[in-house]
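Order of the sequence lines sets the chain letters (A, B, ...), proteins ahead of strands, with each chain counted from 1. Computation of the quantities below employed the complete heavy-atom set of this structure, encompassing side-chain atoms and omitting hydrogens, waters and symmetry-equivalent molecules.
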Number of protein chains: 2
Amino acid sequence: MDVLSYVLQLLLTVELSCKSEYALLALVELAVKHDAGEPLQIREIAANQNIPDRYLEQLLATLRRGGLLRSQRGAKGGYLLARDPWKITLLEIVSCIEGWDSGSMTENSTPKTVETAVVREVWQEARQASESVWQKYTLQDLCERRNAKRQLDIMYYI
Amino acid sequence: MDVLSYVLQLLLTVELSCKSEYALLALVELAVKHDAGEPLQIREIAANQNIPDRYLEQLLATLRRGGLLRSQRGAKGGYLLARDPWKITLLEIVSCIEGWDSGSMTENSTPKTVETAVVREVWQEARQASESVWQKYTLQDLCERRNAKRQLDIMYYI
DNA sequence: TTATACCCCAGTTCTACAGTGGGATTTTGG
DNA sequence: CCAAAATCCCACTGTAGAACTGGGGTATAA
């Protein structure tokens with residue numbers, strides 16, 4: 001990233017980090033080409049979405065270890081979705097990248113004071129509210145939205 | 001914080017940082033004593049909630065600058081709520097501490113690709129989902145929950 | 001006037017994020 | 001068999017923010 005967009009990213013990064021956005025973008029790219037059955041290379045995805053390729057490499061590796069991607073090594077290799085786009089929720093992606101799921105972290109550290117317990121309850125509720133949004137959309141949904149938007153863009157040109 | 005609870009905090013810190021939790025705890029403490037009309041000291045709040053007092057000092061200063069607290073300097077001084085507990089939402093507190101509200105940050109940086117635009121839409125939705133949870137509770141609500149929990153604790157003792 | 005308590009500013013350590021780089025390994029294709 | 005293409009793995013850097021810690025200044029009640 002250059003300096004300017006870096007500053008903009010800083011302003012934006014409140015809950016969702018750059019990592020997760022990169023991962024979502026890459027997976028949409030892969031989902032769009034999923035029917036072809038041919039692997040997509042890091043270089044190509046990175047070029048299309050303006051992501052540093054060496055960085056994207058690590059994110060895709062994480063997604064592969066998380067069981068969301070398959071990889072094919074060697075020449076003509078690349079990455080493929082491990083499942084169909086409608087079987088991958090956005091929560092799975094974000095959780096995998098952000099490292100949320102390792103253990104049931106949401107239940108730890110018994111609160112010392114009554115006040116702490118009460119505050120944590122609300123915090124849990126807020127967390128689940130945002131997670132349920134990520135949960136209700138699949139990669140397929142993102143692709144459909146993308147295609148709808150592209151149609152609009154084309155119509156504006158005419 | 002000691003090392004052990006520090007590690008536990010790390011596991012917990014997913015959306016809500018330690019800062020916000022400290023701030024919420026302190027404000028509950030202030031809200032409970034709000035009817036008395038007398039200021040509470042940093043030292044006392046910090047002792048009750050196991051917060052390093054020099055750190056809490058900075059957080060309370062931020063809340064004062066954000067218009068949520070009033071302070072009284074000098075001997076017998078301390079902090080008071082600037083408004084009644086039912087007029088302070090938890091979103092105001094968290095936003096003030098986390099520095100969200102400075103400018104309308106949620107709308108920045110026009111996306112370069114269609115994919116980015118689509119991803120940001122969902123991200124916005126998730127963000128608003130969690131914010132609406134923080135929005136719907138006031139300090140008063142936290143106090144009532146706290147009192148209910150304390151009643152329960154007392155009953156267990158008998 | 002003195003003790004009390006807020007006020008402001010500055011420095012420290014630790015962590016995660018974002019990005020970069022080198023080289024090993026696997027596969028295709030000539 | 002060899003070379004190009006691609007993933008894989010490890011390690012490093014720089015920056016920002018979180019979570020403190022400390023020193024001295026200033027207002028106020030008794």
If you look at every strand shown and take non-hydrogen atoms under 4.0 Å, does B/Leu60 touch a base, only sugar-phosphate, or nothing?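 B/Leu60: no heavy atom of the nucleic acid under 4.0 Å.
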
For the pair made of [atom1] in [X] and [atom2] in [N], what is the distance, rounded to whole Å?
| X | N | atom1 | atom2 | answer |
| --- | --- | --- | --- | --- |
| B/Tyr22 | D/dA19 | OH | P | 7 Å |
| B/Leu59 | D/dA18 | CG | C1' | 11 Å |
| B/Tyr55 | C/dA10 | OH | P | 18 Å |
| A/Leu40 | D/dA6 | CG | P | 11 Å |
| B/Asp53 | D/dT21 | CG | P | 9 Å |

Do A/Tyr137 and B/Glu125 have side-chain N/O donor and acceptor atoms under 3.5 Å apart?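 There is such a pair between these side chains.
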
Can you see whether B/Ser17 engages B/Glu98 through a side-chain donor-acceptor pair at a distance of less than 3.5 angstrom?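 Judged by distance alone, the side chains do pair up.
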
Strictly below 4.0 Å: does [X] bring a side-chain N or O up to OP1 or OP2 of [N]?
| X | N | answer |
| --- | --- | --- |
| B/Lys76 | C/dT4 | no |
| A/Arg54 | D/dC9 | no |
| A/Ser17 | C/dA16 | no |
| A/Arg64 | D/dC8 | yes |
| A/Ser71 | D/dC8 | yes |

Between the side chains of A/Glu121 and B/Lys149, is the shortest nitrogen-to-carboxylate-oxygen separation below 4.0 Å, so that they form an ion pair?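 Yes, B/Lys149 and A/Glu121 are salt-bridged.
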
Is it true that A/Arg83 and A/Glu92 make a salt bridge, defined as a side-chain N closer than 4.0 Å to a carboxylate O?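 Salt bridge flag = yes for A/Glu92 with A/Arg83.
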
Establish whether the base of [N] is bridged to the side chain of [X] by a donor-acceptor pair shorter than 3.5 Å.
| X | N | answer |
| --- | --- | --- |
| B/Gln58 | D/dT21 | yes |
| A/Arg73 | C/dT27 | no |
| A/Glu57 | D/dC8 | yes |

Can you tell which of C/dC17, C/dA18, D/dC20 lies closest to the side chain of A/Cys18?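 It is C/dA18.
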
Specify the residue among B/Gly74 and B/Tyr79 whose closest nucleotide of DNA chain C lies further upstream toward the 5′ end.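 The 5'-side residue here is B/Gly74.
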
